[in-house]
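Each remark here refers to the structure printed beneath this line.
None of these values were measured; they are calculated from a predicted model. Just so it is clear, the values below take in all heavy atoms, side chains as well, and ignore hydrogens, waters and symmetry mates.
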Amino acid sequence: MNITIKNETVSVTCRTHGAELLSYQTSEGKEYMWQKDPDYWAKCSPVLFPYVGPVPETVTIHGTDYKIPRHGFIKDQEFEVAEQGEDYVILQAKTNDATAAVYPYDFVFTVTFRLNGPALEVVYGVSNQGQEEMPFLIGGHPAFFCPMEEGAAFTDYILHFADEDREDVHLQYSMFDDDAIFFEDLKERSVKLIHQDSRKGIQFEFPDYLSVAFWTPSGKDAPFLCIEPWCAGTMEQVSNTNMLEKKYVQYLPAGKAKDYRFSVKPC
């Protein structure tokens with residue numbers, strides 16, 4: 001089921017399957033979200049939990065191997081609507097037989113989409129319903145049109161970090177030949193994807209995440225870029241599927257909950 005929320009400035013559409021964000025559009029009709037094309041990438045904004053990255057066979061947790069799928073399983077779960085208003089919606093998924101078979105923890109996972117003027121705030125909420133500490137990795141994977149302006153090219157765009165000591169990254173398709181590019185140790189967790197001349201684009205903030213990756217499929221010259229806030233290790237650790245050895249693995253005590261926010265707005 002698709003759900004649309006809106007205010008006087010923007011509208012957002014998500015779906016209950018996987019709590020995937022499908023559309024972020026201004027009242028004038030300008031769409032910022034990639035609209036899925038299997039020739040490039042058939043997804044739009046999968047939610048990554050409780051694992052981030054490829055899984056050749058299994059993920060190891062405390063010495064036991066589990067068949068957690070690539071980027072986790074929450075992206076494939078059907079969520080229910082926990083709460084909804086005109087400009088927000090909260091979707092919720094819980095432990096079930098399928099998740100318990102590959103991840104031995106009792107959890108509630110929520111995704112909140114909330115509008116604040118032109119900005120969209122997305123909150124992933126993790127609640128540990130079990131009796132023991134729960135390890136997990138978590139991240140977002142939203143894809144945005146790039147270029148965003150008629151007549152522009154992907155290579156006209158830059159990543160401009162809020163950190164003054166971080167140089168602008170001028171996008172080139174070749175920089176993604178070996179998969180995503182990754183940044184950590186940012187003082188200010190904010191980045192703009194903007195045209196190098198007009199400086200128009202989007203501002204993306206990820207205050208609760210410890211790193212950020214950027215991705216577009218290699219060799220396809222795809223017209224989009226994913227901005228991926230992660231608590232999930234580093235690119236050098238991708239081949240290591242021992243969850244507890246990941247640099248940014250999260251540990252949530254029994255009975256506790258934690259939120260992970262990111263937001264996007266036009267600039």
Side-chain angles (χ1 to χ4, degrees), residues 1-36 43-49 74-75 77-93 108-127 138-150 152 157 159-160 162 188-195 198-209 212 214 223-229 257-267:
M1 178 175 69
N2 288 359
I3 298 170
T4 297
I5 59 174
K6 62 183 178 179
N7 60 20
E8 67 281 357
T9 307
V10 293
S11 66
V12 161
T13 300
C14 63
R15 64 174 183 165
T16 52
H17 185 78
E20 187 175 20
L21 175 62
L22 301 178
S23 172
Y24 171 55
Q25 188 175 119
T26 69
S27 57
E28 290 79 24
K30 183 176 181 60
E31 178 65 68
Y32 286 96
M33 295 298 301
W34 167 244
Q35 291 298 289
K36 298 186 179 182
K43 297 184 181 298
C44 190
S45 182
V47 183
L48 315 183
F49 173 87
I74 208 71
K75 66 187 186 305
Q77 299 298 302
E78 186 65 26
F79 283 66
E80 61 183 26
V81 178
E83 189 177 332
Q84 185 177 358
E86 184 176 2
D87 60 357
Y88 78 97
V89 64
I90 303 174
L91 305 179
Q92 178 178 277
V108 173
F109 193 95
T110 59
V111 178
T112 301
F113 299 100
R114 189 180 302 274
L115 300 177
N116 182 10
L120 167 64
E121 182 183 71
V122 181
V123 184
Y124 298 164
V126 186
S127 176
I138 190 168
H141 205 308
F144 301 97
F145 276 120
C146 186
M148 301 178 196
E149 298 180 29
E150 186 175 353
Y157 282 75
L159 297 171
H160 177 73
E188 297 184 51
R189 294 167 191 166
S190 176
V191 63
K192 292 180 179 180
L193 171 62
I194 53 177
H195 191 282
S198 72
R199 314 300 284 187
K200 291 182 178 180
I202 56 171
Q203 180 173 341
F204 190 92
E205 298 185 351
F206 48 105
D208 299 315
Y209 293 87
V212 64
F214 303 90
F224 69 86
L225 183 74
C226 290
I227 304 178
E228 305 179 41
K258 186 174 182 180
D259 289 342
Y260 297 81
R261 297 173 177 81
F262 66 82
S263 65
V264 59
K265 64 180 180 181
C267 64

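Heavy-atom minimum distance, Lys192 versus Cys267: CD-SG, 4.2 Å. Summarising the geometry of Leu21 relative to Ser45, their closest heavy-atom pair is O-CB, 3.5 Å, with the distance given to 0.1 Å. The heavy-atom pair separating Gly117 from Asn7 by the smallest distance is O-ND2, 2.8 Å. The minimum heavy-atom distance linking Val126 with Tyr260 is given by the pair CG2-CE1, 4.2 Å. Here the closest heavy-atom approach between residue Val122 and residue Val111 is recorded as CG1-CG1, 4.3 Å.
In summary, the side chains of Thr9 and Ser27 do not present any donor paired with an acceptor at a separation below 3.5 Å, with no hydrogens or angles considered. Thr16 and Glu80 form no side-chain donor-acceptor contact under 3.5 Å, judged by distance and modelled atom types alone.
Inter-residue side-chain proximity for Met148 and Leu193 is flagged as met; some heavy-atom pair is nearer than 4.5 Å. Put simply, the side chain of Leu91 reaches to within 4.5 Å of the side chain of Val81, judged on heavy atoms.
Put simply, the side chain of Lys200 never gets that close to the backbone of Glu149: no donor and acceptor are under 3.5 Å apart. In this structure, the side chain of Asn2 does not engage the main chain of Arg15 through any donor-acceptor pair within 3.5 Å. Not one N or O on the side chain of Tyr124 forms a donor-acceptor pair closer than 3.5 Å with the backbone of Phe262. Formation of a donor-acceptor pair under 3.5 Å by the Thr112 side chain with backbone atoms of Ile90 is not found in this model. Counting only distance, with no hydrogens or angles, the side chain of Glu31 and the backbone of Met33 share a donor-acceptor pair below 3.5 Å. Here the side chain of Glu205 pairs no donor or acceptor atom with the backbone of Lys265 at under 3.5 angstrom.
Screening Leu225, Ile194, Val212 for a side chain to side chain contact (heavy atoms under 4.5 Å, CB included) with Leu159, the sole residue that qualifies is Leu225.
If you look at Phe49 and Phe109, their ring centroids are closer than 6.0 Å. If you look at Phe113 and Tyr88, their ring centroids are not closer than 6.0 Å. Aromatic pair Tyr32/Tyr24: centroids less than 6.0 angstrom apart.
No more than 12 heavy-atom neighbours from other residues, nucleotides or ligands sit within 6.0 angstrom of CG on Asn116.
Partners of Lys36 by salt bridge (charged side-chain N to carboxylate O under 4.0 Å, His left out), not counting sequence neighbours, listed by chain and number: Glu20.
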